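Computed from a prediction, not measured in an experiment: that's the story for all the values here.
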Amino acid sequence: MWLRYNQISGFRLLTRFLQNKIRYCNEALAAVKSGGGNARALRRAAKRHDSLATATPFVVATIGFCDAFLYCKGVLCYTLDDRVRILDLHRSAKSELVISIPGLLTQALPAIGENSRGVFLILYYSDHIISCLYKSEGPDSTAWLIAFHLKGVILAVQELESTDKIFVRHNKQYLYYGTHSEIGTDGYKKWVISGYDFRTRKWFDKKIHLPDMVGSEIGSTICFEFYEGFFYALSNQTSFEVEEIDWTSFYHCIRFPLNSPCKDLLQKTENKSMWRRQHQEGPIDDRWTSLRLDVDESTGKLRIVEARKEWYLGSSRSQRTYYTTDIKFPPPKDDDLDLADLPAPATTSEADFTFPSTSSWVPASTTLSEAATSSESSSTSSDTSTSASSSSSASTSTSLDSQGPDSLPDVPLLRLLAKDDHPHHIEAPARIPENTHPGNDGSTQPTFTLAKSRIRI
């Protein structure tokens with residue numbers, strides 16, 4: 001009875017810690033969705049935090065080779081031999097979805113015909129939707145933004161006027177893309193953003209212009225993100241001109257509703273509540289600066305995370321430090337429209353789309369061994385004149401939708417690899433003898449310890 005009581009108390013304590021301290025992390029959300037597995041989720045979250053803090057991964061594995069890749073939302077998307085391969089690493093998927101690039105382009109752009117050689121790039125992934133960029137070659141080169149669902153449905157196709165520093169953010173309801181292409185009155189390029197509604201299949205009439213958002217390097221001086229029905233843009237730059245000797249830096253953040261992209265509803269932060277740093281703190285090596293918007297795992301609120309390499313207070317030794325800052329927008333004035341009074345964004349589900357069971361450009365899924373042992377890698381230029389009807393020998397196509405929430409293994413990457421079917425398999429950390437101790441029969445027995453794999457950053 002005492003043991004049973006301790007087990008129940010420990011379970012309650014474990015659940016309370018997971019759901020209160022890190023309730024918004026991916027592991028906690030998966031445990032809530034599955035209705036259990038709190039202990040496994042906590043172990044996985046603890047290993048992740050320890051690996052990042054100590055730069056000591058629990059296991060290192062080679063997943064595959066590619067021409068280009070994108071890792072977003074726990075899903076790896078990479079291109080190899082005129083194919084897009086999607087693998088859900090967070091849920092430890094055993095197989096990957098394979099999509100034919102020639103077949104995809106043939107369905108999205110039927111008018112391109114035989115003149116279809118160009119460059120294909122993956123821009124973003126979220127909610128089983130991939131946004132990509134296709135740029136044709138030749139004297140009349142054009143660029144297209146294509147968004148498609150993994151079940152084989154083309155959701156959006158848009159010819160682009162410019163691809164200068166293009167970015168895409170989307171969820172199940174809306175898609176926004178931006179380019180650094182608008183020339184301002186001061187002669188500098190500015191950001192312009194366009195939006196699309198997946199439910200109505202229409203582009204919004206108005207574009208959002210950001211003349212006051214300084215910064216052109218995404219992930220270093222500016223970043224963009226979706227959060228709770230709003231589009232956020234954040235910059236750590238103040239002016240296009242050279243700064244003075246003594247200056248104070250602030251963060252600059254704007255947001256607007258996803259369902260109503262207009263200038264009247266755009267909100268801006270104020271300098272007095274978004275202090276960043278003062279020049280007297282020391283010089284910065286901007287080559288190491290990283291900027292992003294991240295959700296706090298404890299509170300669920302959006303925050304600023306910036307890494308800076310600086311010689312603090314003029315020290316002879318530089319150090320890299322991560323700073324977190326809360327985003328504070330000024331309260332609405334009496335004559336301003338309160339965004340809280342706006343109708344909530346229209347929800348949409350997969351039932352709003354018509355998904356075919358099969359598609360000519362979505363062959364059946366293949367295992368990692370087939371991906372790694374495929375023919376030699378081609379360049380990112382894809383010749384869509386190749387027949388789009390080629391498919392693998394499997395009879396049905398699978399997608400990430402068919403892979404339900406998997407159990408959370410202690411070593412998720414080990415499930416992706418097997419020693420006999422992958423030519424680039426890397427053994428798990430071995431156990432090496434550390435010292436010896438006397439055995440039961442009087443002989444000397446080695447004491448083993450787990451060898452750690454380390455990475456350098």
Side-chain angles (χ1 to χ4, degrees), residues 23-26 28-29 32-33 72-75 123-131 145 147 149 155-156 158 167-178 191-210 212-213 218 222-235 251-270 273-274 291-305 325-333 336-353:
R23 61 183 302 179
Y24 294 98
C25 70
N26 292 332
L29 296 177
V32 171
K33 185 176 181 180
C72 186
K73 309 289 186 179
V75 176
L123 299 179
Y124 196 69
Y125 170 88
S126 180
D127 296 306
H128 309 302
I129 298 173
I130 291 180
S131 296
L145 174 66
H149 195 280
L155 301 180
Q158 176 73 359
F167 74 90
V168 176
R169 298 292 183 269
H170 68 250
N171 54 21
K172 293 189 298 184
Q173 303 171 14
Y174 301 98
L175 177 146
Y176 280 82
Y177 80 91
W191 291 97
V192 56
I193 301 171
S194 302
Y196 181 80
D197 190 336
F198 284 135
R199 182 176 57 88
T200 61
R201 304 294 180 92
K202 294 181 179 180
W203 293 91
F204 290 108
D205 296 332
K206 297 182 179 179
K207 296 183 179 181
I208 296 293
H209 302 268
L210 306 178
D212 300 328
M213 293 299 293
I218 298 178
I222 197 169
C223 64
F224 307 93
E225 198 57 67
F226 281 9
Y227 179 70
E228 291 189 347
F230 286 89
F231 180 97
Y232 284 78
L234 171 70
S235 172
Y251 291 110
H252 304 275
C253 186
I254 64 98
R255 71 175 183 181
F256 58 85
L258 294 176
N259 60 342
S260 300
C262 61
K263 186 177 180 180
D264 296 336
L265 298 180
L266 189 144
Q267 287 182 300
K268 298 180 180 179
T269 56
E270 298 178 346
S273 58
M274 298 299 292
L291 181 70
R292 74 176 190 269
L293 290 167
D294 193 18
V295 177
D296 192 323
E297 293 185 350
S298 300
T299 64
K301 296 182 179 179
L302 199 65
R303 62 180 180 178
I304 302 170
V305 180
T325 306
D326 295 331
I327 303 176
K328 299 179 181 179
F329 287 95
K333 299 179 182 179
D336 291 341
L337 178 63
D338 191 352
L339 294 181
D341 297 333
L342 291 175
T347 58
T348 185
S349 63
E350 295 179 358
D352 296 328
F353 304 113

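- Closest approach of Trp203 to Leu145, counting heavy atoms only: CH2-CD2, 4.2 Å.
- Minimum heavy-atom separation, Ser126 to Lys73: OG-CE, 3.9 Å.
- Partners of Tyr251 under the ring pair (Phe, Tyr, Trp, His ring centres under 6.0 Å) rule, at least two apart in sequence or in another chain, do not exist in this structure.
- A distance of 12.5 Å separates OG of Ser260 from CG of Leu266, quoted to the nearest 0.5 Å.
- Atom OH of Tyr227 is separated from atom CZ of Arg303 by 11.0 Å, given to the nearest 0.5 angstrom.
- In this structure, Arg255 is positioned above the aromatic face of Phe230, its NZ or CZ under 6.0 Å from the six-membered ring centre and within 45° of the axis.
- Distance check: Phe231 CZ to Ile254 CD1 gives 6.5 Å after rounding to the nearest 0.5 Å.
- Summarising the geometry of Gln267 relative to Pro330, their closest heavy-atom pair is NE2-O, 4.5 Å, with the distance given to 0.1 Å.
- Contact of the Leu210 side chain with the Phe224 side chain is registered, since non-hydrogen atoms from C-beta on lie closer than 4.5 Å.
- Here His149 contributes atom NE2 and Asp127 contributes atom CG; the two are 8.0 Å apart, rounded to the nearest 0.5 Å.
- Scanning all heavy atoms of the two residues, the minimum distance from Ile193 to Tyr176 falls at CG2-CD2, 3.7 Å.
- Judged by distance alone, with hydrogens and angles left aside, the side-chain atoms of His170 form no donor-acceptor pair with the main-chain N or O of Ser131 at under 3.5 Å.
- Across every non-hydrogen atom of Leu175 and Ala147, the tightest pair is CD1-CB, 3.8 Å.
- Distance alone, capped at 3.5 Å, places no donor-acceptor pair between the Ser235 side chain and the Met213 backbone.
- Leu293 places none of its side-chain heavy atoms less than 4.5 Å from the side chain of Val305.
- Between Tyr124 and Arg169, some side-chain heavy-atom pair lies under the 4.5 Å cut-off.
- Here Leu234 contributes atom CG and Leu291 contributes atom CG; the two are 4.5 Å apart, rounded to the nearest 0.5 Å.
- For the atom pair OH (Tyr196) and CG (Leu258), the distance works out to 15.5 Å, reported to the nearest 0.5 Å.
- Residues passing the salt bridge (charged side-chain N to carboxylate O under 4.0 Å, His left out) test with Lys301, sequence neighbours excluded: none.
- At least one donor-acceptor pair closer than 3.5 Å links the side chain of Asn171 to the backbone N or O of Gln173.
- The ring pair (Phe, Tyr, Trp, His ring centres under 6.0 Å) search around His252 returns none, not counting sequence neighbours.
- Taking all atoms of both residues into account, the shortest heavy-atom contact from Tyr232 to Cys253 is CD2-SG, 3.9 Å.
- Contact of the Tyr177 side chain with the Leu123 side chain is not registered, since no non-hydrogen atoms from C-beta on lie closer than 4.5 Å.
- Side-chain atoms of Tyr174 and Asn259, non-hydrogen and from C-beta on, do get closer than 4.5 Å to each other.
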